[in-house]
Amino acid sequence: MKSDPSNSASNSQSRHFIQQMIDTDNATAKHAGRVHTRFPPEPNGYLHIGHAKSICLNFGLAAEYGGLCNLRFDDTNPTKEEQEYIDSIKNDIRWLGFDWGDREYYASDYFEQLYQWAVQLIRAGQAYVCDLTAEDTREHRGTLTEPGTNSPYRDRTVEENLDLFERMNAGEFPNGSRTLRAKIDMASPNLNMRDPVMYRILHASHHRTGDAWCIYPMYDWAHGQSDSIERITHSICTLEFENHRPLYDWYLDALGVYHPQQIEFARLNLTYTVMSKRKFLLLVKEGKVEGWDDPRMPTIQGLRRRGYTPEAIRAFCTAIGVAKFNSTIDVSVLEECLREDLNERAPRAMAVLRPLKVVIDNYPEDEDELLEAANHPLNPAMGSRQVAFSRELYIERDDFMELPPKKFFRLAPGQEVRLRYAYFVTCTDVVKDPTTGAITEIHCTYDPDTRGGNAPDGRKVKGTIHWVSAKHAVDVEIRLYDHLFRKENPDDVPDGEDFFVNLNPNSLEILLDGKVEASLGDAEPGSHYQFERLGYFYVDPKTSTPGRPVFNRTTTLRDTWAKLKEKN
RNA sequence: UGGGGAAUGGUGUAACGGCAGCACUACGGACUCUGACUCCGUCAGUCUAGGUUCAAAUCCUAGUUCCCCAGCCA
């Protein structure tokens, strides 16, 4: 029995309400201690971070309690679902680190059983064929405050219903001409109970069953029974299905079959992003992003291409908790989980985003040398590498100011700084374009005694900056990403506008003259780096070519200097 | 105005009649060959009004606010 929190995987002190429910079930032997969940996506779109919450919950709970989690595609609507999505969903779940073994199921696997069950309900007088049009059905349904009215077809005989249903299935009737409905209660205050449609006629080819069927079960008719067939113990879903639970219960009880317990939790909302398949589609269709896997998209594919790791996403899903309150998580929580993971795994390297040339006047013209740099200062096991140094270097434009404010610890005329892993240098001169006045290069002298970065005389410098040897640098494309929207809630728009007005025009900045140290010239696509003092970068697997890596900025490092500047 | 849910610092989330805790954010400080990491600290919360109780975030009553439901979508 896993009811003792101290020896389960979840021995973190606080347990969310679903864990508590399962603990209670186990304590009372409700399912004989069995825990079997499922993740039930509809294959009509790509997975996003919101799905990740559900995936982590369902697979996580199963793992925690020594149970199982099925993957089941809810493919009851042939007009919307495609094989491509199935492949992509499976790929994403696997990437997130979860395994459904051989339990890959489809609601369409159960079409025959569902049909038999429908016949059973007809025989019991609990379902009938209705000839109302969609529009008439709506009118008969009533409103939130007024009861509906019975369909004129509600009292057909069992024989007639059986015959009609059979003929619906045989393809005798056109789309939309008839439905099979459950006979429940047109006056129910819960609209889902007002004789819900169980089957609709859809002469459409299904991605798995082909043309075997021309009637397709509604989600409500298929979902609970699918869980029942799979002997799911805890059917976890989002809040909006709470209103449907009485209907699932009704179906299961009417059929007299195994009855899973449905539990609803709040879906994930994140600041600075939208979270619906419909809106993602709009962004893609309108060309606001490059595609479903655009690194600014909160799709699993997008996050992955941005450089997120499965570990970071899983940590995030644990951190945010599970509850019934409809909340919006600050993206900083996600970013913090990311940094925590990347800080440990990403080897360090030096790269210059916006190069400014530096000439070391007292360094020999034709000389080069190799200096040792740690791949991870906090983890010696990651080893070190040699970086080339020479007379001409690039540094970050931001790391030089001609008229530095107080507390600017970087390069400025007369100011000495450390070039990381190299030498102390002092700025001696600034060269400007005579017409524009723009700084084109700066001159320094170096102190040969500080080789490696320390002064034998014990003198200190306030600043250490990164650099790349001009002669050895590799030119690369670097893509800087920022929030897709500039408002915390992108749906907060003026009257008559849509969420596009909140798009952040600076969410993507492409730098074509980035300079990286030579070792990065053949960086493996799909690998992570920390560019020191800048952030974490990911070698884009999609656009990198051999010898020409493209770096996506996954996220910046925390930057207290930038904050300080902002305040002044 | 019917029904179903939910309200705890800026944002999330615990506490299940007994000291309101944790994380993120923000703000200070220490450390530093990354203005990073790490460490220390500060600000800040029980939706409202009554009631029960020695004791209420927790129980009761009334109210307020927010979310979901009128697809032959899921």
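First the proteins, then the strands, lettered A, B, ... as listed; each starts at 1. Because the structure is a prediction, the values reported are computed rather than measured. Heavy-atom basis, side chains included; hydrogens, waters and symmetry copies ignored.
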Can you see whether [X] engages [Y] through a side-chain donor-acceptor pair at a distance of less than 3.5 angstrom?
| X | Y | result |
| --- | --- | --- |
| A:D195 | A:Y128 | yes |
| A:S188 | A:N190 | no |
| A:Q386 | A:Y421 | no |

When the [atom1] atoms of [M] and [N] are compared, how many Å lie between them, rounded to an integer?
| N | M | atom1 | result |
| --- | --- | --- | --- |
| B:A57 | B:U1 | P | 30 Å |
| B:A55 | B:C19 | P | 15 Å |
| B:A6 | B:U13 | P | 13 Å |
| B:G9 | B:A23 | C1' | 13 Å |
| B:C43 | B:G29 | C1' | 15 Å |

Regarding [X], tell me which of base, sugar-phosphate or nothing describes its non-hydrogen contacts under 4.0 Å with the strands shown.
| X | answer |
| --- | --- |
| A:F325 | sugar-phosphate |
| A:F73 | nothing |
| A:K462 | nothing |
| A:S188 | nothing |
| A:E264 | nothing |
| A:I320 | sugar-phosphate |
| A:Q20 | base |
| A:V461 | nothing |
| A:R418 | base |
| A:R194 | nothing |
| A:R348 | base |

Taking the side chain of [X] as heavy atoms from C-beta outward, which of [options] is closest to it?
| X | options | answer |
| --- | --- | --- |
| A:R420 | B:U13, B:U34, B:C16 | B:U34 |
| A:D330 | B:A6, B:U34, B:U11 | B:U11 |
| A:T560 | B:U8, B:C24, B:A36 | B:A36 |
| A:E336 | B:C27, B:G35, B:C24 | B:C24 |
| A:T145 | B:U25, B:U1, B:C16 | B:U1 |

(message) Taking syn as a glycosidic torsion within 90° of 0 and anything else as anti, which one is B:G50?
(response) anti
(message) So, does A:R558 get its side chain near the phosphate of B:G35, meaning an N or O under 4.0 Å from OP1 or OP2?
(response)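 For A:R558, the contact criterion (side-chain N or O under 4.0 Å from OP1 or OP2 of B:G35) is not met.
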(message) Just N and O in the side chain of A:S14: are any of them under 4.0 Å from OP1 or OP2 of B:A15?
(response)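 Answer no for this pair, as no side-chain N or O of A:S14 is under 4.0 Å from OP1 or OP2.
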(request) Starting from P on B:C24, measure out to CG on A:L268 and report it in whole angstrom. (result) 18 Å
Taking the side chain as every heavy atom from C-beta outward, state whether [X] and [Y] have any pair of such atoms under 4.5 Å apart.
| X | Y | answer |
| --- | --- | --- |
| A:W467 | A:V352 | no |
| A:R178 | A:L164 | yes |
| A:R451 | A:L371 | yes |

(request) Dot-bracket for RNA chain B, please, read 5' to 3', with Watson-Crick or G-U wobble pairs under 3.5 Å on both distances, ( ) within the strand, [ ] crossing, | other strand, . unpaired. (result) .((((((..((((....[..)))).(((((.......)))))....(((((..]....))))))))))).....
(request) Summarise protein proximity over nucleotides 68-74 of chain B in one line of letters, 5' to 3': B for base, S for sugar-phosphate only, - for none, counting protein heavy atoms closer than 4.0 Å. (result) BBBSBSB
(request) Would you mind telling me which of A:D398, A:T464, A:D399 makes a side-chain hydrogen bond (donor to acceptor under 3.5 Å, both in side chains) with A:R533? (result) A:D399
(request) Ignoring hydrogens and angles, tell me if any N or O in the side chain of A:R200 forms a donor-acceptor pair with the backbone of A:G176 under 3.5 Å. (result) no
(message) Ring centres under 6.0 Å, that's the criterion: do A:F531 and A:F551 meet it?
(response) yes
(request) Find which nucleotide of RNA chain B each of A:K563 and A:Y421 is nearest to by heavy atoms, and output the residue with the more 5' nucleotide. (result) A:K563
(request) Output yes when A:R72 and A:D227 qualify as a salt bridge under the 4.0 Å nitrogen-oxygen rule, no when they do not. (result)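 Salt bridge flag = yes for A:D227 with A:R72.
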(message) Check for me whether A:R38 meets the cation-pi criterion with A:Y105, that is, NZ or CZ under 6.0 Å from the six-membered ring centre and within 45 degrees of the ring axis.
(response)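 Geometry flag: not set, cation outside 6.0 Å or 45°.
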